[in-house]
Amino acid sequence: MPIIELKNITHAYGAKKVLEDVSLNIDPGKLTCLLGGSGSGKTTILRLIAGLEIPEKGKIYIENKPVTDDSKILIPSHERNLGFIFQDLALWPHFTVFENIAFGLKERRSQHIEQRVSEILSFFDLKDFDEKYPHQISGGQQQLVAISRALVLEPKILLMDEPLSGLDVKLKRKILEHIKDLKKSFDVTLVYVTHDHREAFAIADQIIVLNEGKVVEAASAKEIKQSENEYIKYFLEY
Amino acid sequence: MGGKLIKYPIYVTVLLLFVLFIIIPVFYTLLFFEGDWVENLKLLDQRILYLLVKSILIAFSIASFATFFGTILGFLLYRTNLRFRNFYRIALMIPLFISPYILAVAWKDLFFLFTGNSDRISSETGVILVLGIIFTPLSMLITGNAFNNINTHLEEAGLMITDLRSLIFKIILPLIKPALFTSFVLIFIFSISEFSVPSYFGVRLFTTEMFTQFSAFYNHSLAVLQSALLIFICVVLLYADRKYLADAPFLSYGGKGKKVKIFSLKKFKISDELFVFFWFFISVLLPFSVLIIQSFKGGISKFIQAFELLKPTFFSSIWLAFLGAAISVFIGFTAAYISEVRRIKTFDWFLLFVFAIPSTIFGISLIKFYNHPYLDFIYSGFVIVIIGYIGKFSFIAAKLIGNAIKQIPQSLEEAAQIEGIGFYRRIQKIVFPLVLPAVFTAFIINFTFSIGELGTTIMVYPPGSEIMPVKVFTIMANAPQSLVSAMTLIVLGVTLLLITIMYLMVKPMLKNYSDANY
């Protein structure tokens, strides 16, 4: 049974239609990549799943529960039990690394905040940077802080919107290894948006290829590589 | 939009209160004034139309003068390697932040000191010169910001095929045309609305005529009719430039690490530096030095007398300006957040409308509306003065804060939303701390403008109360020049002292935030 299900989703920004009758499933415990060029609608799908956008039409189910029904929000973002890594990481610049990670826990009045933050900092090797502000650490460390901030709240699903777009190849490779491990270490389903097919092939269990607001094909990484679809063949050439 | 608004009860409440206390009085005065419109139109005789044309011509000259020199200064100080440009950028702004009548007094002193009489400056040319000097920094700010926002690549592409001179005239100036137009429109509106300088120089213009009709002859119908004409002119100009003015990108605090190309002045460096120093000399050094000399000309006794006269005004002026600025900043923040994040612009238009209405007309509107027995608690107290400050300056606060909010990526708030942080908590913990420097800047600017505000205050101040600029202005006509100079100098000193104290108090906080970038 899929953990996320989109049924006949249509969405537009003003007069511009970005998704048209999109249906797709995301399996639990897997790393699914939404792959496509700019304007294909991949980020919009992620934002709709997160509840940051409201679809014009269609239904979204998370863990079998409807979260949106046409333009109605049935379950708000913070009750969907998911984490979100933004393309620009969205680290709060006036909070230290520790405060960035602890903020959600504090607001939810969680127990053992220090211990939980400390554990996740150790896991990502960030212990020495807890007092630093985001602008005082490197790009790679910022990525890990953003991931830590999302994971410390123990989400079932982690949504990632092109989080590595600003990094060099070496660092990208290192962080991709971390991301691959997240499924096991944190028992989380990952949805990863990218326009880079190499990135998708390196980490994905399942790839959903999008073009101009429509799903072109959804299959395993291996099957996508061998696809006979014209658009996919063209897209993979570059 | 109604459905969207209902989600923000604080915004709706603030908007309704603003409309109720500030917008309705203006429309009430224009739509329901005594007498018949057609009958009253006959009052607009040739003399009044002559004054209107004269006022338009003078405002046109001031706007052209200030935009011309402001653009030159804007380019030199924002885009070239001129020495001490950071110092000049702040120092040249001083005339804009003090009441216009202070500079008028200083210039009259200057002419008196060097020629033995002040007749030459007490003329239309004097009004153009003094107001031109006062508003040049506004143009410098607007065009300087526009120069900074030009895409560097466009300039570099131009430099590949032509020299700097051609680049400026063929590429850069056409690119900043909207800013040039805004500079002209804003300065025109401010000039045609200005009351204290022509009044002090004894030059009869439309605003002084309105003031006389309203306050001396109690001819309210004519005063309101004249107001309607002036509002019409201002609104037409406002409408012509609504898009750029509504965004007001020049009203922003700092810049987030934007890189601009700095041009080398090469062989023109010395002449340009001399020009900028000359401007600093005539707009800041000279008038204020003369003000000091004149103040002490009659010995220390005149200074003590001036201090004694002003002493009762300090407390009321400071707390009124403080309260006005605090409320304006609150309104500004509320309007700015909804405007920038939720893209609902209703409040922006109201703020801009009142901002552009001449101060004296706004004052007349407040008096006409609140001078009713059941609104006496507002009319006869200080509340009406605070309403005046809020109406006039909330736009500035909204734009300063709005342009800061615009720089915060939406994802910072969305990240908190996903973590389950509620709306008001997000504002308190994420948005507000990030725009704190802009909030403080807005507060200090609104405080400075409020403490020096004369056009509206002189119309609405409660009888028997003591407010600093009103006290100086009412004494001007009959007091010796040295006493007026001493009083003006004290007002200037108090304003600068308060700004310095506030700046020193918030400086450490501003420093902390300027280190963070996003």
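Below, each value reflects all heavy atoms present in this structure, side chains not excepted, and no hydrogens, waters or symmetry copies. Order of the sequence lines sets the chain letters (A, B, ...), proteins ahead of strands, with each chain counted from 1. This is a predicted model, so every value here is computed, not measured.
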Practice problem: Select one option (side chain, backbone, both, neither) describing which atoms of A/Phe95 are under 4.5 Å from chain B's heavy atoms. | Solution: side chain
Exercise. Give a yes or no on whether a salt bridge exists between B/Asp348 and B/Lys399, defined as a side-chain N under 4.0 angstrom from a carboxylate O.
Key: yes
Quiz item: Do the numbers put B/Arg89 on top of the ring of B/Tyr78, so that NZ or CZ is under 6.0 Å from the six-membered ring centre and no more than 45° off the axis?
Solution: yes
Quiz item: With the threshold set at 4.0 Å, does a side-chain nitrogen-carboxylate oxygen contact exist between A/Glu154 and A/Arg116?
Solution: yes
Self-check item: Geometric class of the A/Tyr13/A/His11 ring pair [parallel <30°, tilted 30-60°, perpendicular >60°]
Solution: perpendicular
Quiz item: According to the interplanar angle, ranging from 0 to 90°, do the rings of A/Phe186 and A/Phe123 count as parallel (below 30°), tilted (30 to 60°) or perpendicular (above 60°)?
Solution: perpendicular
Quiz item: Is the number of heavy atoms from other residues, nucleotides or ligands under 6.0 Å of A/Asn81 CG greater than 12?
Solution: yes
Practice problem: Give a yes or no on whether A/Lys183 atom NZ has more than 12 heavy-atom contacts from other residues, nucleotides or ligands under 6.0 Å away. | Solution: yes
Quiz item: Considering only heavy atoms from C-beta outward, does the side chain of A/Leu159 approach that of A/Tyr192 to under 4.5 Å?
Solution: no
Quiz item: Would one find more than 12 heavy atoms of other residues, nucleotides or ligands at under 6.0 Å from atom CZ of B/Phe353?
Solution: yes
Self-check item: Engaged part of A/Arg47 at the chain B interface, taking heavy atoms whose separation is under 4.5 Å
Solution: side chain
Quiz prompt | Members of residues 23-40 of chain A whose heavy atoms come closer than 4.5 Å to chain B | solution = none
Self-check item: Donor-acceptor side-chain pairing of B/Glu413 and B/Gln417 below 3.5 angstrom
Solution: no
Practice problem: Give, as side chain, backbone, both or neither, the part of A/Phe86 having an atom under 4.5 angstrom from any heavy atom of chain B. | Solution: side chain
Quiz item: If we ignore angles and hydrogens, is there a donor and acceptor under 3.5 Å between the side chains of A/Gln115 and A/Ser118?
Solution: no
Self-check item: chain B neighbours within residues 52-70 of chain A, where any heavy atom lies under 4.5 Å away
Solution: A/Leu52
